[in-house]
Number of protein chains: 2
Amino acid sequence: MENRNLPELDVLFDLADLFKVFGDSTRLRIMCTISNEEMPVLAIAEALGMEQSTISHQLRVLRQNKLVRSRREGKQIYYTLDDDHVKKIIEMGIDHILE
Amino acid sequence: MENRNLPELDVLFDLADLFKVFGDSTRLRIMCTISNEEMPVLAIAEALGMEQSTISHQLRVLRQNKLVRSRREGKQIYYTLDDDHVKKIIEMGIDHILE
DNA sequence: TGAATATATGAATATCTGTTCATGTGATGA
DNA sequence: TCATCACATGAACAGATATTCATATATTCA
């Protein structure tokens, strides 16, 4: 936006949807938890002290928004962040809070 | 998070609150509209084709989160983004969408 | 094939959130 | 001081959303 034109309306709607995904503490905690290592669902649930079902539901949201990717290995499905972009968005937010 | 520890729990809650503010298209549109110039409330409302009341409510949310600041000049109150950090967060989101 | 384990999903519910309508507050100018 | 303009705010309502419970799906191993 610095020297760009205003974003198109539909881009702004997509953008709102993206930030909405970041705007939930459970999802943020999941993202931070798996940011440096792959983890299966139950391990995430235990790490956060939350139900497996809750985590699965939120992982689906994250998956649909391409913020995490998964890999099956036997009975378990390992999740991790999809790319470093995600980390950067979170870090930028933290910077704003801590400033 | 790159090489940091996991953010504290309370930081993550604050972070979720911050992203929640960005997760609404009306607020995003307001922020983009006033990103390069100060504007009074009615002008913003007209620019977006929305009611003055709606804009005022959302400006309050933005104010409370220190994303915009305001300045009274006579009967009008001019709003603009509080700092360039806000722009950067939005730009980072756009980059993610357009990638 | 059947039991056990890991994950996903659907339905239900309680809570939160954005918008609207009505009204309040503050500033200007006659 | 009164009318008008610009903005803020409270209440109410509709729509969205996160969690839970129950259950389904998929994989492994005996």
Side-chain angles (χ1 to χ4, degrees), chain A residues 9 12-34 37-82, chain B residues 9 12-34 37-82:
Chain A
L9 200 49
L12 284 185
F13 276 99
D14 290 345
L15 192 55
D17 287 338
L18 177 69
F19 282 129
K20 233 171 267 180
V21 180
F22 285 85
D24 176 77
S25 59
T26 298
R27 286 190 292 265
L28 279 180
R29 293 180 73 199
I30 292 174
M31 287 189 274
C32 289
T33 301
I34 65 177
E37 51 173 340
E38 280 190 329
M39 283 178 76
V41 179
L42 270 182
I44 302 172
E46 282 167 23
L48 303 191
M50 303 186 78
E51 301 215 353
Q52 171 268 322
S53 175
T54 303
I55 304 302
S56 270
H57 277 297
Q58 298 304 346
L59 280 171
R60 182 160 57 120
V61 175
L62 293 170
R63 235 185 302 126
Q64 286 169 338
N65 285 275
K66 299 194 194 308
L67 300 180
V68 303
R69 61 188 141 80
S70 60
R71 176 181 67 84
R72 178 181 280 274
E73 187 175 311
K75 276 180 286 191
Q76 305 190 347
I77 299 186
Y78 286 80
Y79 281 88
T80 192
L81 292 189
D82 189 54
Chain B
L9 200 51
L12 284 184
F13 277 99
D14 290 346
L15 192 56
D17 287 339
L18 177 68
F19 283 128
K20 234 171 266 181
V21 180
F22 284 86
D24 175 77
S25 60
T26 298
R27 287 190 290 266
L28 280 180
R29 294 179 73 198
I30 292 175
M31 288 190 273
C32 290
T33 301
I34 65 177
E37 52 172 340
E38 279 191 329
M39 282 179 77
V41 179
L42 270 182
I44 301 172
E46 281 167 22
L48 303 190
M50 304 187 78
E51 300 215 353
Q52 172 265 323
S53 174
T54 303
I55 304 301
S56 270
H57 277 296
Q58 299 304 348
L59 280 172
R60 181 160 60 120
V61 175
L62 294 171
R63 236 185 302 126
Q64 287 170 337
N65 286 275
K66 301 196 193 303
L67 301 179
V68 303
R69 61 187 142 81
S70 60
R71 177 180 65 85
R72 179 179 277 275
E73 187 175 311
K75 278 180 286 190
Q76 304 191 346
I77 299 185
Y78 286 81
Y79 281 88
T80 191
L81 293 189
D82 189 54

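As the structure is a prediction and not an experimental result, all values here were calculated from the model. A note on names: the letters A, B, ... follow the listed sequences, proteins ahead of strands, and every chain is numbered from 1.
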K.L.:
Counting side-chain heavy atoms from CB outward, which of D/dT27, C/dA8, C/dT20 is closest to A/K75?
P.N.:
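Per side-chain heavy atoms of A/K75, the pick is D/dT27.
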
K.L.:
Give the nucleotide from the list C/dT19, D/dA8, D/dT19 with an atom nearest to the side chain of A/T26.
P.N.:
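Out of C/dT19, D/dA8, D/dT19, the nucleotide with an atom closest to A/T26's side chain is D/dT19.
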
K.L.:
Identify which nucleotide among C/dT9, D/dT17, D/dA18 has an atom closest to any side-chain atom of A/S53, counting heavy atoms from C-beta outward.
P.N.:
C/dT9

K.L.:
Rounding to a whole Å, what distance do you find between A/L48:CG and D/dA18:C1'?
P.N.:
15 Å

K.L.:
What does A/Y79 touch in the nucleic acid at a heavy-atom separation under 4.0 angstrom: a base, only the sugar-phosphate, or nothing?
P.N.:
sugar-phosphate

K.L.:
Of A/R72 and A/Q58, whose closest DNA chain D nucleotide lies nearer the 5' terminus?
P.N.:
A/Q58

K.L.:
What's the NZ-C1' distance between A/K20 and D/dG15, to the nearest Å?
P.N.:
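The distance from NZ of A/K20 to C1' of D/dG15 comes to 11 Å, rounded to the nearest Å.
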
K.L.:
Between D/dA8 atom P and B/Q64 atom CD, what is the distance in whole Å?
P.N.:
12 Å

K.L.:
Is there a stack between A/H57 and C/dT9, judged by ring centres under 5.5 Å and planes under 30°?
P.N.:
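The ring of A/H57 is stacked on C/dT9.
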
K.L.:
Start at the 5' end of DNA chain C and walk down; is the nucleotide closest to B/G23 or to B/E51 reached first?
P.N.:
B/G23

K.L.:
Find the distance between CG (B/D82) and CZ (B/R63) and round it off to the nearest 0.5 Å.
P.N.:
12.5 Å

K.L.:
Between A/F19 and B/F22, how do the two ring planes meet: parallel, tilted or perpendicular, split at 30° and 60°?
P.N.:
tilted

